[in-house]
Amino acid sequence: MMRAGRLAVAAVALLAAAVWSARAVAAQDTLSVRLDPVASQARSHAPFWLDVKLQSNETGLIEGHLRIVLRDGNEVIWRYVSGDLVLSNGLHSFRMMLPGGAVWGSRFGAQADVRFVTEKESYDLGTHQLPCPDVAKRSLVVGVSAPNEGASPGDLEIARSLSLQRFDPESLSAIARVFSALPSVVPAQELPSYALGYCSYDVLLLAGDGFSLLRQRQLRALRRWVEAGGSVCFVPGGGLRAYHVLCLNEMTGEAEGPFGLTGEGRLQPGSGVPEGGVGMFRCGLGRVVVAAALPESLDSSEWRRAAAFLWKIRSNQLSEVVGRGKWRTDLQRTASSRPRYGARLYDESSEGALRFHVCPIDSASSLYDSLKPETVRVVPFWAIVLVLFLFVLAVGPVDYCLLGALKCRRFTWILFPVLCVGFAAFTVGLSESYMGSADHRGACVFVDVGKGGRVLRWSRYELLFIGEEKEVLTELKDSLFAPLDEAGLMGRATGRASPPTYWGRFPAFYSVSRWVGQWTPTFGRAFSLEPFESSVGLDWDAVEPSDFQSYGSRRQVARKILAGRPFEGDIYLVRGVRIETLHTGTRGAMGGGRRDWHHERGLMDDFLLETSARPQLGLFSVVSQISPNGADNFEDLSVLDPTDSAQWLLLAVTGAGDDYVVYRRLYCEGL
């Protein structure tokens with residue numbers, strides 16, 4: 001009998017496997033998909049592009065949506081659910097942008113489980129490998145715009161000359177250096193027409209037809225990305241039109257110059273570019289290099305200076321990079337003059353100093369301390385001890401003596417569970433009285449402004465503190481979203497929410513859902529290049545770099561930008577590794593709201609300083625700023641080179657309800 005039962009179980013299992021296999025084959029016969037990454041190497045902590053090719057063999061229409069689950073082994077990184085798709089018979093090709101993802105030590109990247117789901121059926125489209133970067137490594141990408149037939153050898157040589165890797169003084173392999181910077185070729189016609197699409201690149205090269213084939217919408221989006229901190233190198237050829245030259249003039253800051261257009265459609269350099277030379281310009285927070293003609297050698301000091309300019313090399317590294325073509329390694333083990341600048345968490349050995357992975361900052365935990373709801377209090381230890389003592393007393397002596405006196409000890413098995421339930425209910429009530437039961441959202445928003453007070457970009461770091469376990473939905477438009485984990489908050493025990501699920505058209509219009517536990521602090525970041533919904537109305541252009549030169553002139557800076565307007569907040573000046581208070585609002589930055597800003601200002605000062613001017617560690621021992629990526633950390637918030645005495649950063653910190661809003665304006669002398 002036992003043998004017959006085992007045979008029956010085996011037969012059922014084989015039948016189920018055969019049915020599942022038949023259904024999988026049928027699904028593949030009906031629908032199949034191919035996922036092709038646009039770039040051979042994805043940028044670390046940045047969104048990436050996929051070419052999706054769906055083949056339908058159905059004679060009729062199939063309506064549904066695409067579901068992608070990105071995994072690192074058994075761990076889910078995120079889930080994505082597309083908008084509604086209608087497939088007819090044949091091949092359907094489209095390009096989609098997806099949130100960034102990273103893996104831990106995998107040689108093959110992440111796995112993407114793909115399904116097409118209709119109202120009645122779910123088609124399993126298999127598991128696909130995607131080249132996601134390793135968390136412990138740094139992947140830098142130089143985008144190369146090229147015609148459809150591909151980049152020429154000359155363009156690839158230029159791209160390699162712009163790689164940060166060329167300045168690496170070590171003779172170690174890319175794996176040992178744990179970073180790489182490789183060219184990624186993209187057809188010019190396929191470059192994004194919206195600004196967030198360029199966050200997949202550190203530096204972009206537009207040479208020859210890779211520039212002349214671009215359309216106006218692409219150039220407008222490119223300009224927005226550069227103003228927000230991107231870097232682009234133009235090597236113009238022929239075939240240019242008026243809007244190409246207008247784009248160059250707008251990026252270089254002069255709408256009526258310095259460039260013109262010849263009758264043959266070639267660029268005519270103006271005063272901003274040496275004859276047959278290379279011009280370097282700041283554009284908002286970003287960098288622009290225009291090579292009217294390439295130098296005779298791509299290893300010349302002139303071209304090395306241009307490449308260093310695009311990568312925002314620190315001022316104290318610039319002379320070595322330009323003169324010797326290699327950065328200094330002794331600076332990598334030198335922390336700033338402030339001991340709290342990350343030294344205790346960073347491996348200062350020679351091997352650790354070479355690592356370019358993300359380095360947390362010491363003061364990030366103060367963001368949680370400043371945003372957590374005031375009603376949240378930890379249950380005191382004495383209260384816990386008292387409850388335990390009373391419980392033991394009740395189920396022990398009280399139970400025994402009371403029931404003994406009443407001669408009802410047989411009811412002890414009724415009283416015991418009643419006491420357990422009662423004390424459990426009391427403990428829950430005590431916890432809720434301390435922790436609160438209402439949902440809370442608080443955020444710190446960084447808003448970077450340029451000339452005329454125009455918003456260049458903004459980042460919202462939001463804390464969720466939920467009174468009961470539930471799914472939280474956040475609607476987003478024209479922005480990138482990334483959850484922040486414990487590593488991004490200096491090991492702060494923030495708990496873990498479920499991996500995010502993205503619904504809709506990322507990043508144009510979509511929602512993000514996460515299952516959040518009760519009283520589990522959960523952080524997320526939204527990043528956008530669109531206008532910000534509110535403004536402080538400060539006159540940022542009333543201040544010139546010369547106003548920061550002396551103590552007396554700095555005293556007048558706040559008066560100039562306020563221009564007599566009331567401002568319930570604080571104004572700071574950052575230069576080097578120091579932050580100086582220029583103005584203190586009468587009611588504090590939170591406008592007299594739920595917080596005492598002045599009490600918390602000591603905590604937030606360090607956070608504002610370290611996010612605006614990164615400590616000299618890891619990658620930031622070489623560069624002062626990276627191109628925007630909307631990542632799950634604070635790296636691309638850095639805008640100031642603390643080793644450059646010709647740079648100053650003004651911050652105006654104010655409050656809006658439960659949020660902090662930090663407005664920033666960078667001032668520079670020359671390049």
Side-chain angles (χ1 to χ4, degrees), residues 38-39 43 46-49 95 97 140-147 151 155 158-159 162 183-237 239-255 259 261 267 272 279-291 306 309-312 448 450-451 454-457 478-480 507-508 527-531 625-630 636:
V38 173
R43 183 188 179 195
F48 62 95
W49 290 89
R95 177 167 292 182
M97 187 180 185
L140 306 173
V141 177
V142 178
V144 182
S145 176
D155 291 348
I158 297 173
L162 295 176
S184 176
V185 179
V186 181
Q189 295 88 338
E190 298 180 8
L191 278 178
S193 57
Y194 54 94
L196 287 174
Y198 291 92
C199 290
S200 300
Y201 305 106
D202 291 278
V203 176
L204 192 62
L205 170 64
L206 306 177
D209 290 340
F211 177 37
S212 61
L213 292 175
L214 295 182
R215 301 179 297 274
Q216 286 181 279
R217 288 185 60 190
Q218 292 172 301
L219 292 174
R220 283 195 294 266
L222 175 65
R223 179 190 171 192
R224 291 293 305 276
W225 173 71
V226 172
E227 288 178 329
S231 294
V232 60
C233 177
F234 294 96
V235 186
L240 300 180
R241 300 184 180 182
Y243 62 80
H244 292 100
V245 178
L246 177 62
C247 172
L248 286 177
N249 287 329
E250 289 176 341
M251 284 192 180
T252 54
E254 299 181 30
F259 302 104
L261 187 64
L267 188 69
M280 294 177 287
F281 307 88
R282 289 184 179 271
C283 178
L285 298 174
R287 309 290 178 91
V288 177
V289 167
V290 181
F309 180 73
L310 290 172
W311 285 101
K312 296 108 170 172
D448 289 296
K451 292 182 179 179
R454 190 167 70 89
V455 173
L456 304 178
R457 65 183 191 181
D478 295 323
S479 58
L480 303 176
F527 172 78
S528 178
L529 307 181
E530 298 302 311
Q625 177 187 348
I626 64 172
S627 297
N629 56 13
D636 63 348

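As the structure is a prediction and not an experimental result, all values here were calculated from the model.
Although no hydrogens or angles enter the test, the distance criterion places a donor-acceptor pair under 3.5 Å between the side chain of Asp636 and the main chain of Gly630. No side-chain donor-acceptor contact under 3.5 Å links Asp202 to the backbone of Val142. Checking side-chain atoms of Trp225 against main-chain N and O of Ser231 turns up no donor-acceptor pair under 3.5 Å. Looking only at distances, a side-chain donor or acceptor of Gln218 sits under 3.5 Å from a matching main-chain atom of Leu191. Between the side chain of Tyr198 and the backbone N or O of Pro192 there is at least one donor-acceptor pair closer than 3.5 Å. Checking side-chain atoms of Arg287 against main-chain N and O of Phe309 turns up a donor-acceptor pair under 3.5 Å. The backbone N or O of Arg457 sits nowhere less than 3.5 Å from a side-chain atom of Asp448 that would complete a donor-acceptor pair.
Residues satisfying the side-chain hydrogen bond (donor to acceptor under 3.5 Å, both in side chains) criterion with Ser145, sequence neighbours excluded, are absent altogether. Judged as a side-chain hydrogen bond (donor to acceptor under 3.5 Å, both in side chains), and not counting sequence neighbours, the contacts of Glu190 are Arg95.
Note that OH of Tyr201 and OG of Ser627 are 12.5 Å apart. Values are rounded to the nearest 0.5 Å. The CG atom of Asp478 sits 7.0 Å away from the CG atom of Leu196 when rounded to the nearest 0.5 Å. To the nearest 0.5 angstrom, Leu240 atom CG is 10.5 Å from Leu213 atom CG. The structure places CD of Glu227 at 14.5 Å from CZ of Arg282, a figure rounded to the nearest 0.5 Å. To the nearest 0.5 Å, the span separating SG on Cys283 from CG on Leu456 amounts to 8.5 Å.
Using bins of under 30°, 30° to 60° and over 60° for the plane-to-plane angle, the ring pair Phe259/Phe281 lands in the perpendicular bin.
By the 4.5 Å heavy-atom criterion applied to side chains, Glu530 and Ser479 are not counted as neighbours. Two residues are said to be in side-chain contact when any heavy atoms from C-beta on lie closer than 4.5 Å; Leu206 and Val144 fail this criterion.
Heavy atoms only, all atoms of each residue included: Cys199 and Arg43 are closest at O-NH1, 2.9 Å. Taking each heavy atom of Val185 and Ala146 in turn, the nearest pair found is CG1-CB, 3.9 Å. Residue Ala159 comes nearest to Leu205 through the heavy atom pair N-CD2, 3.8 Å, listed as atom of the first residue, atom of the second, then distance. Shown here for Ala306 and Met280, the closest heavy-atom pair between the two residues is CA-SD, 3.7 Å. Shortest non-hydrogen contact noted between Gly230 and Pro628 is N-CD, 3.7 Å. Between Gly210 and Ala188, the closest heavy-atom pair is O-CB, 3.9 Å.
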Check the pair Leu204, Leu222 against side-chain contact (heavy atoms from CB on, under 4.5 Å), reporting the backbone distance first and the verdict last. CA-CA 10 Å; Leu204 192 62; Leu222 175 65; 3.7 Å; yes
Please test His244 against Leu219 for side-chain contact (heavy atoms from CB on, under 4.5 Å), starting from the C-alpha separation and ending with a verdict. CA-CA 8 Å; His244 292 100; Leu219 292 174; 3.8 Å; yes
Could you give me the CA-CA distance, side-chain angles and deciding distance for Phe527 and Asn629, then say whether side-chain contact (heavy atoms from CB on, under 4.5 Å) is met? CA-CA 8 Å; Phe527 172 78; Asn629 56 13; over 6 Å; no
One pair to check against side-chain contact (heavy atoms from CB on, under 4.5 Å): Val203 and Trp311. What are the steps and the verdict? CA-CA 8 Å; Val203 176; Trp311 285 101; 3.8 Å; yes
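The salt bridge (charged side-chain N to carboxylate O under 4.0 Å, His left out) pairs that include a residue from residues 207-222 number zero, where partners must be two or more places apart or lie in different chains.
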